[in-house]
Asks: 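I'd like to ask some things about the structure below.
These numbers come from a predicted model, not from an experiment. As the structure lists them, so they are numbered: ligands from 1, and atoms in each ligand from 1. Values reported hereafter were calculated over all heavy atoms of this structure, with side chains retained and with hydrogens, waters and symmetry mates removed.
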Amino acid sequence: MQDLIDELGRLPGIGPKSAQRIAFFLLKIPKEDAVRLANVIAEVKEKVSFCTRCFNVAEGELCVVCLDPRRDPTVLCVVEDARDIVAIEKTQDFRGRYHVLQGAINPLEGVGPEQLRISELLRRLGDEDITEVILCTNPNLEGDATAMYLSRQLRPLGIKVTRLASGLPVGGDLEYADELTLGRALEGRREVDA
Ligand SMILES: [Zn+2]
């Protein structure tokens, strides 16, 4: 039982109290329900990994966005996390492709550019016909630092670099922005100054 509480406590957003509550809940539910949960976790770990091109979640080598021939290959939206793709897809305002950094620059937590998928991004810009990169990092300190760093890296390459328009809640998370606000921020994106 303590092992279960310890494991649950390692999940994001789950403190010791919540871990204990979930553990006792799992103890009470029918065995088949608990086994189903365990199986789903095992199955996801077995089948789902990250797209080798954009690092979105994928059930194969490439994700559904990369596999879709109707997507515009010239526009790339750079996000911190694969969850942000879900939020942007909901707006239905973006028809390009994505690149997931898998984090943001955060010196306090020891995350620098080399820990992010930036070298992979630069390689894509060399290999693919990308003319615009939209920096869709979160509107907070780490997201802004990451966008600034990327715009300095990308501008010399002659690629149009844009950033989401303001209007998103400052200090917030893209994931929690409503579709309308996010859609407007996408449409109103502006070119980043050097
Ligand atoms: Zn992909």
Side-chain angles (χ1 to χ4, degrees), residues 12 40-106 111-140 142-155 157-165 168 172-179 181-187 189 191-192:
V40 168
I41 294 172
E43 205 179 335
V44 147
K45 292 306 289 181
E46 191 68 40
K47 279 194 198 154
V48 185
S49 60
F50 294 106
C51 175
T52 54
R53 185 195 281 162
C54 76
F55 301 98
N56 186 12
V57 290
E59 285 192 30
E61 203 182 320
L62 293 175
C63 71
V64 286
V65 177
C66 286
L67 285 171
D68 186 347
R70 291 163 303 178
R71 305 295 296 219
D72 180 355
T74 66
V75 189
L76 200 64
C77 187
V78 175
V79 296
E80 291 179 25
D81 199 283
R83 282 170 305 174
D84 300 328
I85 294 180
V86 180
I88 295 170
E89 285 296 289
K90 265 198 233 151
T91 70
Q92 301 189 335
D93 282 330
F94 181 69
R95 297 303 303 156
R97 290 185 181 153
Y98 295 96
H99 188 84
V100 183
L101 296 171
Q102 296 190 323
I105 294 174
N106 188 340
V111 183
E114 22 341 295
Q115 271 82 46
L116 306 174
R117 300 288 184 181
I118 292 176
S119 56
E120 289 88 346
L121 171 64
L122 295 173
R123 203 172 313 137
R124 288 186 69 184
L125 295 175
D127 294 346
E128 299 172 36
D129 287 323
I130 294 160
T131 54
E132 180 184 356
V133 169
I134 311 172
L135 301 172
C136 294
T137 50
N138 287 329
N140 56 27
E142 293 79 24
D144 286 340
T146 309
M148 196 111 83
Y149 175 86
L150 285 176
S151 66
R152 271 193 300 242
Q153 299 281 310
L154 304 184
R155 285 182 66 88
L157 306 177
I159 290 163
K160 184 177 176 189
V161 182
T162 54
R163 177 95 169 103
L164 287 182
L168 291 169
D173 221 317
L174 268 195
E175 219 195 318
Y176 304 120
D178 69 280
E179 292 135 62
T181 311
L182 190 51
R184 273 202 207 117
L186 256 174
E187 274 169 40
R189 64 185 185 266
E191 204 155 343
V192 181

Asks: Between E128 and R71, is the closest basic N to carboxylate O distance under 4.0 Å?
Replies: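 Between E128 and R71 there is no salt bridge, as every charged N stays at least 4.0 Å from the carboxylate O atoms.
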Asks: Quick one, C54 with R124, criterion side chain to side chain contact (heavy atoms under 4.5 Å, CB included). Give me CA distance, side-chain angles, the key distance, then yes/no.
Replies: CA-CA 9 Å; C54 76; R124 288 186 69 184; 3.4 Å; yes
Asks: Would you tell me whether T74 and R97 have side-chain atoms, one donor and one acceptor, within less than 3.5 Å of each other?
Replies: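 Checked: T74/R97 side chains show no N/O donor-acceptor pair below 3.5 Å.
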Asks: Mind counting the protein N, O or S atoms sitting less than 2.8 Å from the Zn ion (ligand 1)?
Replies: 4
Asks: Measure the shortest side-chain to side-chain distance between F55 and L101 over non-hydrogen atoms and say whether it is less than 4.5 angstrom.
Replies: no
Asks: Side chains of E132 and T162 only: does a donor on one sit below 3.5 Å from an acceptor on the other?
Replies: yes
Asks: Do R117 and H99 meet the criterion of a side-chain donor-acceptor pair at a distance under 3.5 Å?
Replies: no
